[in-house]
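Each remark here refers to the structure printed beneath this line.
These numbers come from a predicted model, not from an experiment.
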Amino acid sequence: GADGNCATEVTKITWVNIIPTGLPDQGTLYMDDFGRYYSNDFMASQKEITDETKVLYDFNNESLSGWSVKNVGTGVGSVMAADTTKGYGKSGASLLWSYDKADSEHPALYHDEAFMFDQTGLIFWADSSQGGTLRIDATGWDGSAWTPIYADVELVGGENIVKIPWKNFK
């Protein structure tokens with residue numbers, strides 16, 4: 001939960017928000033091969049997603065089912081689209097999220113389905129226009145109650161393999 005490590009408590013997460021907390025005021029983020037991974041031996045610097053990954057969303061059919069954007073305030077600071085110009089490996093497609101903090105107090109990319117904590121962690125490919133901190137904000141279930149949890153990850157400008165062990169959610 002909010003006071004520490006949740007890996008031993010939480011069994012699934014839902015209502016995932018991806019928030020550009022430490023990213024510049026404007027930017028774009030392409031995302032592909034969003035899923036769960038099974039092993040700890042993967043090295044992010046290889047820019048490859050491990051074979052033990054269970055991909056939940058590959059965006060290959062330009063389907064963004066379950067994904068949407070959130071905009072707080074009067075503006076439209078978050079826009080989402082299917083993109084066929086970039087993607088992980090040879091996939092040929094990705095989710096493209098553009099945000100502008102001047103047009104929304106808290107722009108966010110949102111997913112509304114649950115993920116079971118049955119592997120080692122969360123993983124996805126991202127191509128960011130700029131580097132900075134990306135927050136994965138969610139709601140975790142511990143068997144008796146839902147509680148807010150989050151994990152922060154650092155992105156570099158360009159391609160990233162974002163790998164977040166469940167134990168890093170707080």
Side-chain angles (χ1 to χ4, degrees), residues 2 6 10 12-37 44 47 49 53-89 91-117 121-141 146-164 166 168-170:
C6 77
V10 175
K12 65 181 171 181
I13 63 173
T14 191
W15 303 301
V16 174
N17 290 295
I18 299 175
I19 305 167
T21 53
L23 288 171
D25 287 345
Q26 296 177 329
T28 57
L29 178 75
Y30 296 84
M31 187 170 64
D32 199 2
D33 281 8
F34 188 95
R36 301 171 301 210
Y37 67 94
K47 298 285 190 290
I49 292 180
T53 297
K54 178 178 181 179
V55 175
L56 302 173
Y57 301 94
D58 65 8
F59 307 109
N60 286 342
N61 296 320
E62 298 182 35
S63 172
L64 304 177
S65 179
W67 294 91
S68 61
V69 293
K70 286 186 172 180
N71 292 293
V72 176
T74 58
V76 180
S78 260
V79 178
M80 177 187 79
D83 183 83
T84 57
T85 62
K86 288 188 176 187
Y88 173 71
S91 78
S94 61
L95 179 154
L96 169 60
W97 174 43
S98 299
Y99 67 89
D100 186 341
K101 294 178 186 177
D103 289 334
S104 176
E105 295 172 35
H106 303 286
L109 183 61
Y110 174 73
H111 188 271
D112 63 3
E113 296 176 15
F115 304 102
M116 298 303 293
F117 272 42
L122 188 64
I123 191 168
F124 60 93
W125 172 90
D127 190 324
S128 179
S129 61
Q130 301 170 72
T133 306
L134 190 68
R135 174 164 284 184
I136 310 299
D137 181 38
T139 303
W141 176 256
W146 291 99
T147 184
I149 59 174
Y150 72 92
D152 290 334
V153 294
E154 290 299 317
L155 297 181
V156 298
E159 286 191 273
N160 297 262
I161 298 297
V162 178
K163 176 184 165 189
I164 311 166
W166 295 130
N168 287 11
F169 279 85
K170 297 177 174 37

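Note that CG of Asp137 and CZ of Phe169 are 9.5 Å apart. Values are rounded to the nearest 0.5 Å. Going from atom OG of Ser65 over to atom NE2 of His111 covers 7.5 Å, rounded to the nearest 0.5 Å. To the nearest 0.5 Å, atoms CG (Leu29) and CG (Asp127) are separated by 8.0 Å. Trp67 CH2 to Leu95 CG: the interatomic distance, rounded to the nearest 0.5 Å, is 7.0 Å. To the nearest 0.5 Å, atoms CG (Leu134) and CD1 (Ile136) are separated by 4.5 Å. Going from atom OG of Ser128 over to atom CD of Glu159 covers 11.5 Å, rounded to the nearest 0.5 Å.
Of all non-hydrogen atoms in Gly131 and Pro24, the two that sit nearest each other are O-CD, 3.6 Å. Between Val16 and Ala138, the shortest heavy-atom distance links the atoms CG2-CB, 4.1 Å. Shortest non-hydrogen contact noted between Pro20 and Pro107 is CD-O, 3.3 Å.
Remark: side-chain polar atoms of Asn17 are not paired, donor with acceptor, to backbone N or O of Ile19 under 3.5 angstrom. Put simply, the side chain of Gln26 never gets that close to the backbone of Ala102: no donor and acceptor are under 3.5 Å apart. Looking only at distances, a side-chain donor or acceptor of Ser94 sits under 3.5 Å from a matching main-chain atom of Lys86. The main-chain N or O of Val79 is never found under 3.5 Å from a side-chain atom of Ser98 such that the two would form a donor-acceptor pair.
When each of Ile18, Leu23, Asp25, Leu109 is tested with Tyr99 by the rule side chain to side chain contact (heavy atoms under 4.5 Å, CB included), just one qualifies, namely Leu23.
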Take Trp125 and Ile161, measure what side chain to side chain contact (heavy atoms under 4.5 Å, CB included) needs, and give me the verdict at the end. CA-CA 5 Å; Trp125 172 90; Ile161 298 297; 4.0 Å; yes

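Proximity of Ser78 to Tyr110: side-chain heavy atoms (C-beta onward) are nowhere separated by under 4.5 Å.
For Val162, the side-chain contact (heavy atoms from CB on, under 4.5 Å) criterion is met by Phe124, Ala126, Val153, Leu155, Asn160, Ile164, not counting sequence neighbours.
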